[in-house]
2 protein chains.
Amino acid sequence: MTNKKFDSYSYLLDRTARRVKGYAQQKFASGDFDVTVDQWLILKSLDNDKYLKQKELAEITGKDNPTLTRIIDLLCKKGLTERVTHKDDRRSFTVHLTAAGTTKLTELSPKVNEIRMKAWENLSEQDYEQLKTILNKIYQNLES
Amino acid sequence: MTNKKFDSYSYLLDRTARRVKGYAQQKFASGDFDVTVDQWLILKSLDNDKYLKQKELAEITGKDNPTLTRIIDLLCKKGLTERVTHKDDRRSFTVHLTAAGTTKLTELSPKVNEIRMKAWENLSEQDYEQLKTILNKIYQNLES
DNA sequence: TGCTAATAGTTAGTATGACAAATAAAAAAT
DNA sequence: ATTTTTTATTTGTCATACTAACTATTAGCA
């Protein structure tokens, strides 16, 4: 297995990930969803797991702390989330959905699922499993 | 094939692409490569195809024009590329490698290949072909 | 206890990415 | 030939990454 062959996977990955995000973002914008794709990811995580610390939220979503800080800033400014000082650790905040955040989530969920499905036309469940497996292996191979 | 099943592919794609890029970027930095991963992509494209117009370079690399302009700005500031006014079209520049750019390319190529291979440990050539096929199908499904 | 190290979060700087608008030049249309 | 449209590039803005530095707080340990 030569080096040459693997020249382009990083390029393919990058451009596909960008297109997937970009496609969703366009739909988000044209549908006046009023959140970005990354903000949506945070909202969904907070729905699964109420009252996460920012640190935990960062791990779950694969964002780093500075990025997360800014996304939370934006979500709070939009009134969709709130920061509450952690009772045991004054360094921490727990973040949770406001009523408006919950409403937004309920409203958008089906629309987002529909948007996400578009990418899988003409692809099988097996393709999905293979993609998942390969991506996870790559991810683990580069574990620091 | 339910919606639920496909919940996470966008997240997986995004985080894997980021890790691949981030891993390479770290190696680039610790090896004092003095270019970013995206800048490297441009250099490599210019090596394959001398004297590309920015527009063409953008298409080949999958960047949009503003992004490309800024990357070229940085590469020119580093002395690795040059802009030359296009002889037939004064709106355009052709971009090409300087001597320093060519040297950089020769120096770094084997190191970059080595870095890129790390992701493929425990993965087969078949995995690579599958990944390529699936990513390309997704890309086409979202074609605007 | 008191010093030191680790941790949570923020801020700042640089690079990238998407999109819109501006500018200048070329091509098309009348 | 002049006007209109298109095209190539640049600039501006906002959001996202990653790094490093900084603050406040907590934890670990002599």
Side-chain angles (χ1 to χ4, degrees), chain A residues 10-11 14-30 33-42 52-59 61-78 83-95 142 144, chain B residues 10-11 14-30 33-42 52-59 61-78 83-95 142 144:
Chain A
S10 53
Y11 164 66
D14 192 59
R15 82 169 189 173
T16 308
R18 265 189 292 125
R19 173 157 295 184
V20 165
K21 196 184 219 172
Y23 175 81
Q25 189 57 60
Q26 276 185 356
K27 296 290 178 186
F28 275 38
S30 69
F33 286 16
D34 241 345
V35 287
T36 66
V37 170
D38 295 284
Q39 288 162 19
W40 173 254
L41 175 63
I42 305 294
L52 287 169
K53 286 167 37 168
Q54 288 193 194
K55 192 66 195 306
E56 296 162 343
L57 203 44
E59 269 159 28
T61 57
K63 310 281 181 192
D64 56 14
N65 292 344
T67 301
L68 196 73
T69 292
R70 276 161 196 137
I71 295 178
I72 299 293
D73 284 348
L74 292 169
L75 286 173
C76 287
K77 203 188 296 182
K78 290 178 185 177
R83 281 189 178 96
V84 179
T85 313
H86 194 283
K87 48 184 173 306
D88 300 329
D89 187 343
R90 277 180 302 170
R91 292 170 304 180
S92 287
F93 295 107
T94 51
V95 185
L142 303 183
S144 46
Chain B
S10 54
Y11 162 68
D14 193 59
R15 82 169 190 175
T16 308
R18 262 189 292 127
R19 174 158 293 185
V20 165
K21 195 184 218 172
Y23 175 80
Q25 190 56 61
Q26 276 184 357
K27 295 291 179 185
F28 275 37
S30 69
F33 286 14
D34 241 346
V35 287
T36 67
V37 170
D38 295 285
Q39 289 163 19
W40 173 254
L41 176 62
I42 305 294
L52 287 169
K53 289 170 29 172
Q54 288 191 195
K55 189 67 195 300
E56 296 162 344
L57 203 44
E59 269 160 28
T61 57
K63 312 279 182 193
D64 62 4
N65 294 341
T67 301
L68 194 76
T69 292
R70 277 157 194 143
I71 295 178
I72 299 293
D73 284 348
L74 293 168
L75 286 174
C76 286
K77 205 189 293 182
K78 290 179 185 178
R83 281 190 177 97
V84 180
T85 312
H86 194 283
K87 49 183 172 307
D88 301 327
D89 185 343
R90 279 180 300 170
R91 291 170 306 180
S92 290
F93 294 106
T94 51
V95 185
L142 304 183
S144 47

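Naming convention: chains lettered A, B, ... in sequence-line order (proteins, then strands); numbering from 1 in each chain.
Put simply, A:Gln25 has no side-chain N or O that comes within less than 4.0 Å of OP1 or OP2 on C:dG17. For B:Thr69, no side-chain nitrogen or oxygen approaches OP1 or OP2 of D:dT11 to under 4.0 Å. Taking only side-chain nitrogens and oxygens, B:Lys21 comes nearer than 4.0 Å to OP1 or OP2 of C:dG17. In this structure, B:Lys63 reaches the C:dG17 phosphate: one of its side-chain N or O atoms is under 4.0 Å from OP1 or OP2. Between B:Arg70 and D:dG12 there is no side-chain polar atom (N or O) within less than 4.0 angstrom of OP1 or OP2.
Environment of NZ in B:Lys78: crowded, with over 12 heavy atoms of neighbouring residues, nucleotides or ligands closer than 6.0 Å.
Between A:Asp14 and A:Arg18 there is a salt bridge, with a side-chain nitrogen of the basic residue lying less than 4.0 Å from a carboxylate oxygen of the acidic one.
If you measure from atom CD1 of B:Ile71 to atom P of D:dT10, you get 13 Å, rounded to the nearest angstrom. Between A:Ile72 atom CD1 and C:dT10 atom C1' the separation is 13 Å, expressed in whole Å. Between B:Asn65 atom CG and C:dA24 atom C1' there is a gap of 15 Å when expressed in whole angstrom units. In this structure, the CD atom of B:Glu59 is 11 Å from the C1' atom of D:dA8, given to the nearest Å. A straight line from CG of A:Leu68 to P of C:dT10 spans 8 Å, rounded to a whole angstrom. One can place CG of A:Leu41 at 11 Å from P of D:dT16, the figure rounded to the nearest angstrom. Residue B:Asp73 contributes atom CG, which lies 14 Å from atom C1' of C:dT14 at whole-angstrom precision. Distance CG (A:Asp14) to C1' (C:dG17): 10 Å, rounded to an integer number of Å.
Using a 4.0 Å heavy-atom cutoff across all strands shown, A:Thr67 reaches at least one base atom of the nucleic acid. Using a 4.0 Å heavy-atom criterion, one finds that B:Thr36 contacts the sugar-phosphate atoms exclusively. No contact: A:Arg15 has no heavy atom under 4.0 Å from any strand. At the heavy-atom level, A:Arg19 lies nowhere under 4.0 Å from the strands shown.
Of all the heavy atoms in B:Ile72 and B:Gln54, the pair that sits closest is CG2-OE1, 4.3 Å.
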Stepwise side chain to side chain contact (heavy atoms under 4.5 Å, CB included) test for A:Asp73 and A:Thr69: CA-CA 6 Å; A:Asp73 284 348; A:Thr69 292; 3.9 Å; yes
Given the rule in the side chain to side chain contact (heavy atoms under 4.5 Å, CB included) test, do B:Phe28 and B:Thr36 qualify, once you have shown the distances and angles that lead to the verdict? CA-CA 7 Å; B:Phe28 275 37; B:Thr36 67; 5.9 Å; no
Stepwise, does the side chain to side chain contact (heavy atoms under 4.5 Å, CB included) test hold for B:Leu68 with B:Ile42? CA-CA 9 Å; B:Leu68 194 76; B:Ile42 305 294; 3.4 Å; yes
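Here C:dA8 is the nucleotide among D:dA8, D:dT10, C:dA8 with the atom lying nearest to any side-chain atom of A:Lys55. Taking the side chain of A:Gln54 as heavy atoms from C-beta on, and the options C:dT10, D:dA17, C:dA15, the nearest nucleotide is C:dT10. Among the nucleotides C:dT10, C:dA18, C:dC19, the one closest to the side chain of A:Arg83 is C:dT10.
Using a 4.5 Å heavy-atom threshold, the side chains of B:Lys87 and B:Thr94 count as separate.
Of the two residues contacting DNA chain C, namely A:Thr94 and B:Asp64, the nearest-nucleotide position lying further toward the 5' end is that of A:Thr94. Where A:Pro66 and A:Val37 each meet DNA chain D at their nearest nucleotide, the meeting point lying more 5' is that of A:Val37.
Note that CZ of B:Phe93 and SG of B:Cys76 are 9.5 Å apart. Values are rounded to the nearest 0.5 Å.
Listed by residue number, the members of residues 84-91 of chain B with any heavy atom below 4.0 angstrom from DNA chain D are B:Arg91.
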